[in-house]
Amino acid sequence: MPKGALSARYDSADIQVLTGLEPVRKRPGMYTDTRSPQHLAQEVIDNAVDEALAGHASRILVTLHDDGGVSVRDDGRGMPVDQHPEHQCSGVELILTTLHAGGKFSDRHYRFSGGLNGVGVSVVNGLSLHLEVTVWRGGGVYHMRYSNGEKDSELERIEDCGARATGTLLRFLPDPSYFDTAQVGLAWLSHLLRAKAVLCPGLEVTLLEEESGERQRWRYRDGLADYLAEFVVGAALPAAPLVGHHAAEDGQAYVDWALQWTLESGDESLGESYVNLVPTSEGGTHVSGLRTGLLEAMREYCELRKLLPRGLKLKAEDISTNLAYVLSVRIPEPLFNGQTKHRLATRSCIALVGNAMRDALALWLNQHTEEGDQLAALAVERAQTRRRLSRSSALKRQRSGVTLPGKLADCVSSDISTSELFLVEGDSAGGSARQARDRDFQAILPLRGKILNTWEMDAAGAMKSREIHDIALALGVAPGSGELDGLRYGRVCVLADADSDGRHIATLLCALFVRHFRQLVNAGRVFVAMPPLFRIDMRNEAHYALDESERDDILARLHERSPKAKIHVQRFKGLGEMNPAQLRETTMLPSSRRLIQLTVEAEDGTDPMLDRLLGAKRATDRRHWLEHSGHLAEGAQTQWLEELAQ
């Protein structure tokens, strides 16, 4: 059979069974985030924190080694070293080599736990070049080593120790072939560990950077209010954060929170949520419960004090706008959407958190009526603005006979001299952009990945794409019409990741505007946003760089100014990795962002270049260019684009 040809025969012998850690190495994206090994580090850290949650550990030491490896040491009970009665191997080996093996499927040993699927540490082993585990337990020190998920040695007792010495040390070196970058970010790790310490009172967490010897240590008795202060800039209500704790009636679940409303302009809520100390960056049912509970309390307060104008009804967005919060829930057997645990799906958390927040805010509002009336006035003002906007939008839709896309987060202003529409790559980045924007004049339309290549299509064919149809509806301009009478925004900004995939998406969108919305390009209304690829931190200074060249220039200046200062460089994997404040400062705030205007001039080579880049009939030309001049793409983009256009 020719190489690469498909066989027509298919029988039982063709069925493959992946055993051990083979599924992890075959499909790593099903088990972890392949952009970086940060999720691997989090899995190991979560196991150590689970020991603390169970009351068996009080200290955790995380070391970022100079070879790119990570080690986590806790003083918990230590992994089991005795033989498993059924599998005839040690508990350590079973945990590290068998998917869905762990001690957290029952509630006998862990009341609250973040690692419930039994795949976390075995995934770390499968995707690491090397992994070593040392266990202090039962008066002995035990050691075992793996390479590429395979045993280098059996578990052996290497020395004796005191009976009180217990714990586990796990060190791993990620395999870079499975990740876009093999680096675990120091800033990310520091943020995560500080949050663990804040959310687990009494736990001492230490981060050691081996290369510099720098050590950070956190231990809090009650740190939610201090932690929240990092999110709140300027005036806020209440002046001191509203902090609380709630236990379920059966004593099986707990909720802790700290929240404030900022009085600066912004959009939606800025905060963090955790489940059993695992960060849930995409929220979930516990965050839904928080917003529902706050809304119910504010509605009752406004009705009691007759603060609502006739016919006006508050919605969750009216009370959650400008809300800064830290929310932590501890529940047995949480249900997450996926192994990476970014979003909680446990339905009971809506009522658990909702009831706690409703009672807490209602009590505070009625005890602090002056501040309560201020907060209510802000919510009523937002509701009135929302109603005016809704009526205005409904009137526009009625006149135009079209319905705006449901994913569009519109702005308040309809003045095209100031209004902007950001076309954002992905729903996750779209959520960050909604929080980062100024809702008065910036609208957000999230797009699903790479849009259709429309370079060789007519307008009717392009409009068959849902994403392009939504763009046209949001803009109020039909593709190919040449008219701008119905234009709803004065500026269109393409916002995609700073990596190669993001540049591909930006190229497809630019081609769409050049081919089908040329009137917008000619009017100077289309721009490409330039999010940074790097953040450089030195002491209390933060600098951002668009690319490697700009990064190197900044590093050179900083080294010249402070030769001995410790400098940390973070590479952003995408817009979703930036918090809303960073995205606002670097990419969306008019005073500090960088935009490139899309222009097309006669004989500038734009059309021939896009034709060779995107034309289906030009595949041979593209292949010929790559074979002879592809090396020019690194560090000489202007030169190779000019050659490509010829």
Side-chain angles (χ1 to χ4, degrees), residues 396-397 399-410 421-427 429-430 443-497 500-529 597-602 604-626 641 644-645:
K396 290 179 181 178
R397 290 195 297 269
R399 290 174 177 174
S400 62
V402 299
T403 302
L404 293 176
K407 297 187 296 181
L408 175 67
D410 210 348
L421 173 66
F422 281 81
L423 304 177
V424 185
E425 169 195 351
D427 290 334
I444 306 295
L445 180 63
L447 304 175
R448 295 182 59 185
K450 293 182 175 65
I451 70 162
L452 189 67
N453 179 1
T454 62
W455 184 250
E456 294 181 330
M457 289 184 174
D458 59 16
M463 286 293 282
K464 291 180 181 179
S465 164
R466 177 61 181 271
E467 299 298 312
I468 296 171
H469 180 266
D470 287 349
I471 291 173
L473 285 182
L475 289 173
V477 175
S481 67
E483 299 178 359
L484 294 176
D485 292 343
L487 184 64
R488 302 183 66 248
Y489 305 98
R491 179 174 288 168
V492 184
C493 302
V494 175
L495 178 54
D497 290 346
S500 57
D501 281 343
R503 288 193 289 270
H504 187 190
I505 291 170
T507 299
L508 290 172
L509 283 167
C510 288
L512 170 69
F513 285 107
V514 170
R515 175 66 77 187
H516 297 291
F517 296 92
R518 193 72 162 238
Q519 67 274 33
L520 283 172
V521 178
N522 291 337
R525 297 190 179 277
V526 182
F527 296 80
V528 178
Q597 188 175 34
L598 180 61
T599 60
V600 178
E601 299 177 2
D604 67 358
T606 297
D607 290 294
M609 178 182 66
L610 288 174
D611 189 60
R612 182 171 289 194
L613 282 172
L614 302 173
K617 299 177 182 179
R618 305 297 298 276
T620 302
D621 295 336
R622 284 194 293 273
R623 183 169 60 250
H624 179 269
W625 181 86
L626 286 170
L641 284 173
L644 189 62

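Values reported hereafter were calculated over all heavy atoms of this structure, with side chains retained and with hydrogens, waters and symmetry mates removed.
- Considering CG of L421 and CD1 of I444, their distance stands at 7.5 Å, rounded to 0.5 Å.
- The shortest side-chain heavy-atom distance between S465 and T454 does not fall under the 4.5 Å cut-off.
- Taking the side chain as every heavy atom from C-beta outward, L408 and D470 never approach each other to under 4.5 Å.
- The minimum heavy-atom distance linking E467 with R448 is given by the pair OE1-N, 3.2 Å.
- The only member of L473, L512, L447 that meets side chain to side chain contact (heavy atoms under 4.5 Å, CB included) when paired with I468 is L512.
- By the 4.5 Å heavy-atom criterion applied to side chains, H504 and E425 are not counted as neighbours.
- Minimum heavy-atom separation, F517 to V477: CE2-O, 3.4 Å.
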**Request:** Show the numbers, then the answer: is there a side-chain contact (heavy atoms from CB on, under 4.5 Å) between L598 and V494?
**Result:** CA-CA 10 Å; L598 180 61; V494 175; over 6 Å; no

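- The two residues G502 and A496 have their closest heavy-atom pair at O-CB, 3.4 Å.
- Residues V492 and I471 fail the side-chain proximity criterion, which asks for heavy atoms closer than 4.5 Å.
- For Q597 (side chain) and G524 (main-chain N/O), a donor-acceptor pair under 3.5 Å exists by modelled atom type.
- Between L445 and Y489 the shortest side-chain heavy-atom distance does not fall below 4.5 Å.
- Formation of a donor-acceptor pair under 3.5 Å by the Q519 side chain with backbone atoms of L484 is not found in this model.
- The minimum heavy-atom distance linking L487 with R525 is given by the pair CD2-CD, 3.5 Å.
- Heavy-atom minimum distance, A459 versus P479: CB-O, 3.7 Å.
- Nearest heavy-atom pair, P446 versus G430, reported as atom, atom and distance to 0.1 Å: CB-CA, 4.2 Å.
- Under the 3.5 Å distance criterion, the side-chain polar atoms of H516 are left unmatched by any main-chain donor or acceptor of A462.
- Considering only heavy atoms from C-beta on, M457 comes within 4.5 Å of L452 through its side chain.
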